[in-house]
Protein chains: 2
Amino acid sequence: MSSADRRESILRAATAVFGAKGYAGATTDDVAKAAEVSQPYVVRLFGSKQQLFLAVLERAVARLSSGFRAAIAGPDEARADRMGRAYIELVAERGLLQVISSAFLLGGDPVIGPVARRLFSGVWQLLREEAGFGPDEARDFMANGMLINTIVGLRMMNDEGDPSADELFAVCLPESADLLISSIPGTDDDW
Amino acid sequence: MSSADRRESILRAATAVFGAKGYAGATTDDVAKAAEVSQPYVVRLFGSKQQLFLAVLERAVARLSSGFRAAIAGPDEARADRMGRAYIELVAERGLLQVISSAFLLGGDPVIGPVARRLFSGVWQLLREEAGFGPDEARDFMANGMLINTIVGLRMMNDEGDPSADELFAVCLPESADLLISSIPGTDDDW
DNA sequence: CCGTCAGGTAATCATTCGATTACAACCAGC
DNA sequence: GCTGGTTGTAATCGAATGATTACCTGACGG
């Protein structure tokens, strides 16, 4: 396999692993096993675990941004709806939203923190300037995204018949439940 | 110091440490140093790092719930405002909201996941049944909370003169900025 | 053929970390 | 004053982990 293809393959695997276990909780060997390569190769291709995570994070936000831009193009009406759907669709890519969420908790890290702030600020800018959202609209949109991240990260849908959880899920993810349920890893995956 | 006092002191220290570094990223020695005791003592008092984290998490959500209940008591009008303020005030307790956020990303963990789901579902129930929020109101309230967690976790206010970040901060945390800025740890703390 | 270079692995190293063990200091009650 | 329980610590251990080194393999040009 070419080096570029291998890089992309490892990035995809690493997204799933970092998304499931977080930055500190994931090991380079987890990533290597998921990508079906040896652990030293992962380290050598990316230099270090930290640089690998940064590459994963940048790629994840780039996918998010390009999804949003595709939704922005087109008629003004229902633009917010299209963007919401674009966000939901990203749930299908294993770990992508979770990687972003987990990076957002690493603000105190001297290396990852500044990168995460820059990316977050960039998404805000995209919403305000490219999507044309007003300040409150942008805030509400982002807030809803964070809530969706939380529900997905919690695997809330795997709960055994808790009526509160069911209502929560239905209220927060209207008419997207089917897509989500089928694409979210179970509680047992990767642990 | 009595065992009970020592337990509480360690729980407070552990909240700050787990909040700053996450479950996997924090070490029992970090907690011990923050609490000014020896590392074996931390482990012995709580049995294991995992049980310590669970104790920290339960305590954090208990504080959140009691803050909400205090805000619920009293007149119906402005109840939501009082609850929002109660949430913001919890930012002052180092790491408390971050611990909750980070637990919400551990849904895949076979031990922590179920506990986190139960606690999250409990908060939803509190909003719906005790606070009397409608489904949409409860969702919006939670979503805003998650966004606040994100902004705090990112240390967004420490950014050096990014106008997007400033706007984001102002829009998401109206009239609470002063309280927040003074009580959030800097980027350099504990890393 | 043969050198060499890209793609990849096995073996191993130094640290780190959670946990265990053994032991020390203090204090209450008899 | 000694005995037993409570509050702690120092020393240490074994496993896990990120990283490094040395090596293998096959394709491709000359």
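Every chain is numbered from 1 and lettered A, B, ... according to where its sequence line falls, protein lines coming before strand lines. Since the model is a prediction, treat every value here as computed from it, not as a measurement. Just the heavy atoms: all of them, side chains too, but no hydrogens, waters or symmetry mates, feed the values below.
Contacts of A:Asp136 classified as salt bridge (charged side-chain N to carboxylate O under 4.0 Å, His left out), with partners at least two apart in sequence or in another chain: A:Arg139. Residues passing the side-chain hydrogen bond (donor to acceptor under 3.5 Å, both in side chains) test with B:Glu93, sequence neighbours excluded: B:Arg59, B:Arg63. Considering only residues two or more places apart in sequence or on other chains, B:Phe68 meets the ring pair (Phe, Tyr, Trp, His ring centres under 6.0 Å) condition with B:Phe141. The salt bridge (charged side-chain N to carboxylate O under 4.0 Å, His left out) check on A:Arg44 picks up nothing, with sequence neighbours excluded. With sequence neighbours excluded, the residues satisfying salt bridge (charged side-chain N to carboxylate O under 4.0 Å, His left out) with A:Asp76 are A:Arg79. Checked against ring pair (Phe, Tyr, Trp, His ring centres under 6.0 Å), B:Phe53 has the following partners two or more places apart in sequence or in another chain: B:Phe18, B:Tyr23. Evaluation of the salt bridge (charged side-chain N to carboxylate O under 4.0 Å, His left out) rule for A:Glu167 yields B:Arg128 as partners, not counting sequence neighbours.
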- Query: How does protein contact run along nucleotides 3-18 of chain C, one letter per nucleotide 5' to 3', with B for base contact, S for sugar-phosphate only, - for none, heavy atoms under 4.0 Å?
  - Reply: ----SBBBB-----SB
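For DNA chain D, the span of nucleotides reached by chain B at under 4.0 Å from its heavy atoms goes, 5' to 3', from D:dT7 to D:dA11.
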